[in-house]
Amino acid sequence: MLTGKNIVLGVTGGIAVYKAVDLVSRLRKLNANVYVVMTEHAKAFVTPLTFQSMSQNYVVHDMFEEPKTWDVEHIALAKRADLFVVAPATANVIGKVCHGIADDFLTTTIMATPAKVVFAPAMNTNMYINPITQGNIESLKTLGYDFIEPGSGRLACGDIGAGKMAEPEDIVNYIVDYFTPKALPMAGVKVLVSAGPTIEKIDPIRFITNRSTGKMGYAIAKKATELGAEVTLVSGPTQLEPPKGVTFVPIETALEMYEAIMRVVEAQDIIIKTAAVADYRPKEVATEKIKKADGELAMAFTRNPDILKSIGERKTHQVLVGFAAETMNVLAYAKRKIEQKHLDFIVANDVSQTGAGFGTDTNIVTIIDKEGNAVDYDQRSKEAVAEIVLEKAMHYHQNK
Ligand code: PMT
């Protein structure tokens with residue numbers, strides 16, 4: 001079950017050290033590689049040889065002993081760890097890690113590891129409930145450290161209360177759960193996101209475009225990827241890095257966006273169109289730079305395809321989500337678009353409001369669905385809007 005997993009076990013000085021021996025034995029039975037690091041105080045309870053025999057690996061306990069390999073030992077162990085467990089964890093080690101004190105092999109290795117670190121506290125109940133210890137635990141939790149809560153009962157010192165180290169079985173359950181892949185909520189769902197502006201060429205030097213930066217669309221593409229979706233991001237020119245894991249399709253013009261999207265529409269489950277697409281393009285693109293001359297310059301424009309409408313006309317099973325950037329009659333226009341373009345819902349942003357629409361890190365949106373429900377969301381980050389939009393899109397996808 002834990003075959004190939006490298007678990008570094010930090011053992012600090014408390015009577016619960018004997019339970020750590022059992023923990024190593026259980027982890028070995030699940031085929032984990034266990035590397036034990038002991039503090040000086042831990043050695044007062046159990047010898048390194050005990051852990052060495054149980055783990056079948058050399059036990060590190062002295063910062064300055066002659067190295068066993070050419071690797072810098074604490075860095076090597078820190079890098080090797082897939083999970084770092086400190087059990088038992090005394091108030092002392094929790095306090096030291098919380099305050100960045102690295103004065104022995106264990107604390108230097110914890111400081112150096114990129115792995116998840118989890119503490120199984122074990123101490124006298126008054127030490128455990130002491131606001132200093134509790135404060136340290138809370139601070140470490142906010143930094144991403146995990147804690148396996150101690151149990152309550154009669155402690156070795158005779159006091160009754162919280163502070164008994166979690167049972168080895170519970171710590172093993174935590175470790176197994178940690179390594180069990182979690183099903184992501186959008187696993188297997190194919191999502192197409194369009195983002196950014198289009199640019200429409202006038203001549204080899206000039207073009208017309210709009211103020212979309214791509215932030216809204218990229219936030220949706222990133223969040224959907226994190227939730228396990230297979231994301232295709234069709235984007236006009238922006239200054240943003242495509243999120244890791246997306247299939248990125250760069251385009252420039254509305255016609256290119258139309259073609260790129262139509263090629264992949266059929267395979268999608270959810271299509272979200274945040275892009276600000278130019279409705280018109282110059283009828284003729286001059287092959288040479290247009291020279292200035294006296295008087296006015298007139299230019300004829302022709303309509304670009306309405307990509308969202310085209311998708312709506314041919315969609316079969318896809319959830320279709322539009323965005324609406326308006327400056328007036330936001331709700332009325334948004335409702336009309338739902339009908340005309342066969343949308344499941346539309347995200348309307350009044351781009352005349354501060355903190356909403358183009359270029360901002362936040363948005364203020366109203367989501368209107370085809371059933372006629374309209375929900376206003378106050379100002380929040382584009383990442384938070386992305387979560388709301390994806391949750392609603394998933395609701396429609398699951399109920400198709
Ligand atoms: O990119 P940011 O700086 O983060 O800004 C985000 C945003 C303001 C661009 C975004 O939140 C937004 O509102 N996008 C839609 C902008 C828009 O062009 O709205 P629209 O009302 O013109 O178009 C309505 C819908 O039809 C949109 O989903 C649009 O992608 C789509 N459309 C429009 C024209 C066209 N020819 N084809 C289309 O598919």
Side-chain angles (χ1 to χ4, degrees), residues 192-200 208-223 233-240 242-243 251-262 265 268 270-281 301-315 318-368 377 379-386 388-390 393:
L192 172 71
V193 181
S194 79
T198 62
I199 62 171
E200 308 298 334
I208 52 172
T209 187
N210 59 66
R211 293 171 50 222
S212 172
T213 57
K215 284 181 184 175
M216 190 63 250
Y218 280 54
I220 293 176
K222 180 165 183 278
K223 191 71 215 171
L233 175 61
V234 178
S235 173
T238 75
Q239 301 294 315
L240 305 175
I251 55 87
E252 288 193 336
T253 66
L255 280 176
E256 287 168 9
M257 180 174 276
Y258 175 83
E259 279 155 22
I261 287 179
M262 289 308 162
V265 149
Q268 305 303 319
I270 295 172
I271 300 167
I272 303 174
K273 286 219 72 247
T274 71
V277 185
D279 290 317
Y280 294 90
R281 65 180 185 276
F301 287 86
T302 187
R303 278 294 300 268
N304 270 327
D306 186 326
I307 307 170
L308 194 56
K309 192 156 181 253
S310 306
I311 302 169
E313 282 161 1
R314 72 174 65 177
K315 75 170 184 171
Q318 296 90 340
V319 175
L320 188 53
V321 182
F323 267 67
E326 306 288 358
T327 51
M328 54 189 284
N329 297 334
V330 177
L331 288 184
Y333 285 137
K335 280 181 183 159
R336 207 163 68 200
K337 279 176 189 160
I338 292 183
E339 282 165 26
Q340 287 173 346
K341 306 187 185 192
H342 306 285
L343 309 182
D344 289 281
F345 65 93
I346 196 158
V347 184
N349 33 203
D350 180 347
V351 294
S352 62
Q353 288 191 71
T354 311
F358 295 98
T360 50
D361 290 330
T362 58
N363 212 347
I364 304 167
V365 301
T366 301
I367 298 188
I368 304 129
Y377 295 89
Q379 185 174 354
R380 61 197 68 208
S381 68
K382 284 185 172 167
E383 287 71 26
V385 173
I388 294 166
V389 170
L390 288 169

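First listed ligand is number 1; within each ligand, the first listed atom is number 1. When reading the values below, keep in mind they use all heavy atoms of this one structure, side chains included, and skip hydrogens, waters and symmetry mates. The structure displayed is predicted, hence computed values, not measured ones.
The contact set between ligand 1 and A325, taken as ligand atoms under 4.0 Å from a residue heavy atom, comprises 13 (O), 16 (C), 17 (C), 19 (O), 21 (O). The atoms of ligand 1 that sit less than 4.0 Å from any heavy atom of K215 are 1 (O), 2 (P), 4 (O). Residue A275 has at least one heavy-atom neighbour below 4.0 Å for each of these atoms of ligand 1: 15 (C), 16 (C), 18 (O), 29 (C), 30 (O). Taking every non-hydrogen atom of G357 and a distance limit under 4.0 Å, the qualifying atoms of ligand 1 come out as 5 (O), 6 (C), 8 (C).
Contact annotation for atom 22 (O) of ligand 1: protein absent (non-hydrogen atoms, distance under 4.0 Å).
Remark: R281 fails to qualify as a cation-pi partner of F301 under the 6.0 Å distance and 45° angle criteria applied to the six-membered ring.
In this structure, the protein non-hydrogen atom closest to atom 28 (O) of ligand 1 is K273 O, 2.6 Å. Of the protein's non-hydrogen atoms, the one nearest atom 13 (O) of ligand 1 is N349 ND2, 2.9 Å. For atom 25 (C) of ligand 1, the nearest non-hydrogen atom of the protein is F323 O, 3.0 Å. Atom 34 (C) of ligand 1 has its closest protein heavy atom at D279 OD1, 3.3 Å.
Between G359 and ligand 1, an N or O atom pair is found at a separation short of 3.5 Å. The N/O atoms of V351, backbone and side chain alike, include none that comes under 3.5 Å of an N/O atom in ligand 1. Among the atoms of K337, some N or O lies under 3.5 angstrom from an N or O of ligand 1. Of the N or O atoms in G196, none lie within a sub-3.5 Å distance of an N or O in ligand 1. Considering backbone and side-chain atoms alike, G322 places every N or O at 3.5 Å or more from each N or O of ligand 1. Residue K382 has at least one N or O atom closer than 3.5 Å to an N or O atom of ligand 1.
The neighbour count for K315 NZ, taken as heavy atoms of other residues, nucleotides or ligands under 6.0 Å away, is above 12. More than 12 heavy atoms of other residues, nucleotides or ligands sit less than 6.0 Å from atom CD of E313.
The side chain to side chain contact (heavy atoms under 4.5 Å, CB included) with K273 is formed by just one residue from the set V321, I307, V193; it is I307.
Under the salt bridge (Lys or Arg N to Asp or Glu O under 4.0 Å) criterion, D361 pairs with K215, not counting sequence neighbours. Under the salt bridge (Lys or Arg N to Asp or Glu O under 4.0 Å) criterion, K382 pairs with no residue, sequence neighbours left out.
Heavy-atom separations between P305 and ligand 1 include at least one value shorter than 4.0 Å.
At least one donor-acceptor pair under 3.5 Å links the side chain of D306 to the backbone N or O of L308.
When only modelled atom types and interatomic distance are considered, N210 and S212 share no side-chain donor-acceptor pair under 3.5 Å. Side-chain contact, N349 with N363: a donor N or O sits under 3.5 Å from an acceptor N or O.
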